[in-house]
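What follows is one structure encoded as structure tokens, with my remarks underneath.
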Amino acid sequence: MNKKAIITSALPYANGEIHLGHVASTYLPADVTTRFLKLNGVEAYYVCASDDYGTPILLQSEKEGKTPAEYVSHWNKRDYEDFTAFNIEFDFFYKTSSPENIAFVQDVFQKLNDAGHIYEKEIIQFYCNNDKKFLPDRYVKGTCPDCKADDQYSDLCESCGRVPEEIINPKCSICGQPPTKEKTKHYFFKLKNFGDLLFKWLDEHEHLQKDVKKYVQNWIKSGLIDWDITRDISWGVPVPLDAAEGKVFYGWFDNHLAYISTAIKFLNDKGIDGKEFWNSADIYHFIGKDIVYHHYLFLPAMRLGINSEYKLPDYIPTRGHLTLQAKKISKSRNWYIGLKDFLKNYRADYLRYYLISINPYSQDDLNFDWNDFATRINSELIGNLGNFVNRALGFTKKTFDGIVPEIDTFDDKDTEAEQKIKSLATDVGLLLEQNHLDRALKKIMEFSSFFNQYFQHKEPWKKGPGTANCVFLSVNAARSMAIALFSFLPESAQQIWEQLGLSGKIDELTWSNMSELGIPSGHVLGTASPLFAKVEESDIEILKKQLGPSE
RNA sequence: AGCGGGGUGGGGAAGUCAGGUCAUCCCGGCGGGCUCAUAACCCGCAAAUCAGUAGUUCAAAUCUACUCCCCGCUACCA
């Protein structure tokens, strides 16, 4: 395992609140991974930033009578608060509109330009005389020439799925007026130059997901298109050329560069040589499958274009999208659940548990279902794990006055239990290293289930000769669970720790500590109380109506 | 339209890349046990020709071909 790592997750676009879909695919998996790496002694930093630029933000801020800067600063703050409430622990959360990023983006552009990867081209684009704006693809709607469906985007018909050659009856999607066509000069990035290199990079990179790789390679085979990287709007990183007055970079040119500029700023401020650290660390970019193109093509191509001055990513864990009650999440149709709203009803760990347990390491979509949520929390998290911890600690309190008893010779069952503890760090660790967070969590649940069985079979309440061993091992198992669980459910893990009467914070420990019998005979436990309250069916029914969308 | 991913007991999923050790896990149903624990937990039973057809193989949920359904992505979006 590399002893250094930089973890990033897709940048939240600063024009709306964080919802369950965002955290499920990106922020939560990245947070769990970072915590895991840190416990393993890796110098890992999790950095992120709000994505501040672009036309949608400009339009929305105008609508709300704010400057774009005020508008994005509001969302930057709010997003960070929501993440923090969910125990997503960034080492640094910054913004793409930072002076550091602007300078960095302009510098990268200069280097790409000097290396001959940029060219100018005059294009004809729709222009709205009413709004006084050039209208990029999505801002023009009309009738699809292929299937005649109305109200389709000029760059994609959602009805037949084709990319229209020329849309019929174009209309400005802001004001509805027909736009005119105007000439404008844009800058293009020669993505075509990088097809072979990208293909090879994908081929040779063992850590990249196979399913995604295949997908992207097919795209390369069918031919890459040079990429229009500028826009005629006022809100963005200015193109640093005299001839480019009034032009800014397209959001996807600048935003992923903030991974680098943000990390460097954070590291330099800490007194670490940021560039050197970046280039010697494992780089992780956690993303959702919708931005595969940007992270598997644009981003590596740009880094290759500046001679890999900053190394390419080692891992791009890509996950599917969350559906809500089996339907696509959509803010505009109000079919989504805001993170903040959710956390008003249930603590972070419930959601963390549920989202990880349904989230495989693949591009497959996953589904949030209220009843499934209730069932999993009640029967798995509470019935299995919460119950075990509570019965083990409660029993020790009741029978041994909270003092862990002296042990005798282990019988076969005891030895088996001891083995489970000893192999836990490896069993769970291997899965986490492979990014299988869901399976790793399941392993911990299996461990807990084993100990419920063990406890049952040993029947310590009958006060037979095996009682002391059973209590000793059960209490130690609870300790192991706390450490293993910490990356997933930090709050609950720490709670178990305190109930065990242990001092300090789990994040000061080492991963392998979980496989030690760390609680000696004679240790005095803390106060045991149930860790989790049940999810009530009646509440779920109410929430379904409230948070869930009304059609 | 192109590309990608799926169809596994009543419901939801894992297992498929590296074929046998596999039919597993959770919910639900039925029957028992226990009483330390949040009506929890433990043991057992019923229920699946692993979408269909053909093939490869000593051996297929797993590999190949075709067919039928479902879903997602297509360069704004986690």
Side-chain angles (χ1 to χ4, degrees), chain A residues 9-13 15-16 18-29 51 54-56 136-139 146-147 153 155-158 160-163 191 210-212 214-216 218-219 222 224-225 227 250-252 286-294 297-298 318-323 326 328-331 357-358 360 362-367 369 371-372 374-376 378-380 382-384 386-399 438-439 442 445-446 449 452-463 467 470-471 474 528-534:
Chain A
S9 45
L11 309 181
Y13 199 54
N15 74 335
I18 300 300
H19 61 63
L20 263 42
H22 295 117
V23 291
S25 65
T26 305
Y27 305 99
L28 180 55
D51 185 1
T55 316
D137 329 312
R138 280 283 147 128
Y139 289 91
D146 297 305
C147 74
Y153 295 114
D155 61 340
L156 175 71
C157 172
E158 287 187 318
C160 69
R162 272 175 280 229
V163 177
L191 192 59
K210 254 196 287 184
D211 52 340
V212 188
K214 223 179 353 180
Y215 182 48
V216 177
N218 278 335
W219 189 257
S222 70
L224 295 175
I225 300 165
W227 183 35
Y250 171 51
W252 276 105
F286 281 80
I287 62 167
K289 67 175 177 180
D290 50 306
I291 50 176
V292 160
Y293 290 112
H294 312 87
L297 294 177
F298 303 159
T318 307
R319 280 171 228 264
H321 280 180
L322 188 74
T323 55
K328 255 174 87 165
I329 286 178
S330 160
K331 278 199 180 173
S357 66
I358 62 172
S362 79
Q363 285 195 91
D364 291 352
D365 284 339
L366 40 141
N367 181 39
D369 180 275
N371 294 327
D372 189 42
T375 302
R376 279 180 186 269
N378 290 342
S379 68
E380 296 177 15
I382 302 178
N384 180 0
N387 176 58
F388 173 72
V389 172
N390 193 232
R391 76 194 294 202
L393 303 202
F395 185 80
T396 311
K397 205 82 191 169
K398 208 169 276 186
T399 314
D438 56 330
R439 294 187 206 171
K442 247 163 230 145
M445 298 314 283
E446 275 172 33
S449 179
N452 263 319
Q453 288 166 30
Y454 167 75
F455 202 91
Q456 193 74 29
H457 290 143
K458 295 287 283 190
E459 301 178 315
W461 52 88
K462 292 195 174 157
K463 318 243 163 76
T467 301
C470 172
V471 169
S474 296
S529 66
L531 290 163
F532 308 106
K534 289 230 156 156

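All chains are named by letter (A, B, ...) in the order of the sequence lines, taking the proteins before the strands, and each is independently numbered beginning at 1.
- An aromatic stack links A:W461 and the base of B:C36, using centre distance under 5.5 Å and interplanar angle under 30°.
- Remark: side-chain polar atoms of A:H22 are not paired, donor with acceptor, to backbone N or O of A:I18 under 3.5 angstrom.
- Every stem involving RNA chain B, taken as at least 3 paired positions in a row under the Watson-Crick or G-U wobble test at 3.5 Å, is listed here: B:1-7 with B:68-74, B:10-13 with B:24-27, B:29-33 with B:41-45, B:51-55 with B:63-67.
- Shown here for A:T399 and A:K463, the closest heavy-atom pair between the two residues is CG2-CE, 3.4 Å.
- Remark: C1' of B:C34 and CG of A:N452 are 13 Å apart, rounded to the nearest angstrom.
- Counting only heavy atoms from C-beta on, A:R391 has its side chain closest to B:C36 among B:C36, B:G72, B:C42.
- Rounded to a whole angstrom, the distance from the C1' atom of B:G12 to that of B:G6 is 15 Å.
- Nucleotides of RNA chain B nearest to A:E380 and A:A533 differ in position, and the one nearer the 5' end is that of A:E380.
- The aromatic ring of A:H321 is not stacked on the base of B:G72, since the criterion of ring centres less than 5.5 Å apart with planes inclined by under 30° is not met.
- Rounded to a whole Å, the CG atom of A:N387 is 12 Å from the C1' atom of B:U35.
- Panel note: side chain A:Y454, backbone A:S449; no donor-acceptor pair is recorded below 3.5 Å.
- Across A:C470 and A:P460, no two heavy atoms sit closer than the pair SG-CG, 3.8 Å.
- Distance CH2 (A:W227) to P (B:C76): 10 Å, rounded to an integer number of Å.
- Look at CG on A:D290: it is 22 Å from P on B:C3, rounded to the nearest Å.
- Across all strands shown, A:L531 has heavy atoms under 4.0 Å from base atoms, whether or not it also approaches the sugar-phosphate.
- Using a 4.0 Å heavy-atom criterion, one finds that A:K534 contacts the bases of the nucleic acid, with or without backbone contacts as well.
- Look at A:Y250 and you'll find a side-chain N or O under 4.0 angstrom from OP1 or OP2 of B:C76.
- Closest approach to the A:I225 side chain among B:U38, B:U35, B:A75 is made by B:A75 (side chain taken as heavy atoms from C-beta onward).
- One interatomic measurement links the two molecules: CD of A:Q456 to C1' of B:C36, which rounds to 9 Å at whole-angstrom precision.
- The closest donor-acceptor contact from the side chain of A:D369 to the backbone of A:N371 lies under 3.5 Å.
- In this structure, A:Q453 and A:K458 have side chains that are not in contact, with every pair of non-hydrogen atoms separated by 4.5 Å or more.
- At the heavy-atom level, A:F532 lies under 4.0 Å from base atoms of the strands shown.
- Of the possible donor and acceptor atoms, one in the side chain of A:N452 sits under 3.5 Å from a partner among the backbone N and O of A:N384.
- For A:F395 and A:W461, the distance between ring centers is not under 6.0 angstrom.
- A heavy atom lying under 4.0 Å from RNA chain B marks the following residues of residues 21-29 of chain A, by number: A:G21, A:H22, A:S25, A:T26.
- Remark: the backbone N or O of A:L322 is not paired with any side-chain donor or acceptor of A:S25 at under 3.5 angstrom.
- The two residues A:G383 and A:N387 have their closest heavy-atom pair at O-CB, 2.9 Å.
- A donor-acceptor pair shorter than 3.5 Å cannot be found between the side chains of A:S357 and A:D438.
- Picking from B:U38, B:C36, B:A75 the nucleotide with the shortest atom distance to the side chain of A:P530 gives B:U38.
- Atom CG in A:N378 sits roughly 15 Å away from atom C1' in B:C41 (whole-Å rounding).
- No engagement by A:Y454 is indicated, since no non-hydrogen atom pair under 4.0 Å with the nucleic acid exists.
- A:M445 places its CE atom 10 Å from the C1' atom of B:C26, with the value rounded to the nearest Å.
- As judged by a 4.0 angstrom heavy-atom cut-off over every strand, A:L297 is placed among residues making no nucleic acid contact.
- Taking atom C1' on both B:U21 and B:G31, the two are 31 Å apart, rounded to the nearest angstrom.
- Nucleotides B:U67 and B:U24, compared at atom P, are 34 Å apart to the nearest Å.
- Between the C1' atoms of B:A23 and B:C66, the separation comes to 27 Å (whole Å).
- The nearest whole Å value for the distance from the CD1 atom in A:I382 to the C1' atom in B:C26 is 15 Å.
- For A:I291, taking side-chain heavy atoms from C-beta onward, the closest of the listed nucleotides B:U38, B:C76, B:A78 is B:A78.
- Comparing B:G20 with B:A78, their P atoms are spaced 41 Å from each other, to the whole Å.
- Out of B:U38, B:C42, B:C36, the shortest distance to the side chain of A:N390 is found at B:U38.
- In this structure, A:L531 and A:G386 approach most closely via the heavy-atom pair CD1-CA, 4.3 Å.
- When each of B:C36, B:A78, B:C43 is scored by its nearest atom to the side-chain atoms of A:H457, the top-ranked nucleotide is B:C43.
- Spacing between B:U49 and B:G11 at atom P, rounded to whole Å, works out to 12 Å.
- Side-chain atoms of A:K289 and A:H321, non-hydrogen and from C-beta on, do get closer than 4.5 Å to each other.
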Sequence-aligned protein contact record of nucleotides 5-14 of chain B, with B where the base is within under 4.0 Å of a protein heavy atom and S where only the sugar-phosphate is:
S---------
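- Comparing the C1' positions of B:G15 and B:C63 gives a spacing of 16 Å, expressed to the nearest Å.
- At the heavy-atom level, A:F388 lies nowhere under 4.0 Å from the strands shown.
- Taking the P atoms as reference points, B:A61 lies 14 Å from B:G9, given to the whole Å.
- The nucleotide whose nearest atom lies closest to any side-chain atom of A:S379 is, among B:A78, B:C26, B:U38, B:C26.
- Candidate nucleotides B:U38, B:G72, B:C43 were compared by shortest atom distance to the side chain of A:K289, and B:G72 ranks first.
- Closest approach of A:L393 and A:A528 over heavy atoms only: CB-CB, 3.7 Å.
- Within the 4.5 Å cutoff, side-chain heavy atoms of A:T318 are placed close to those of A:V292.
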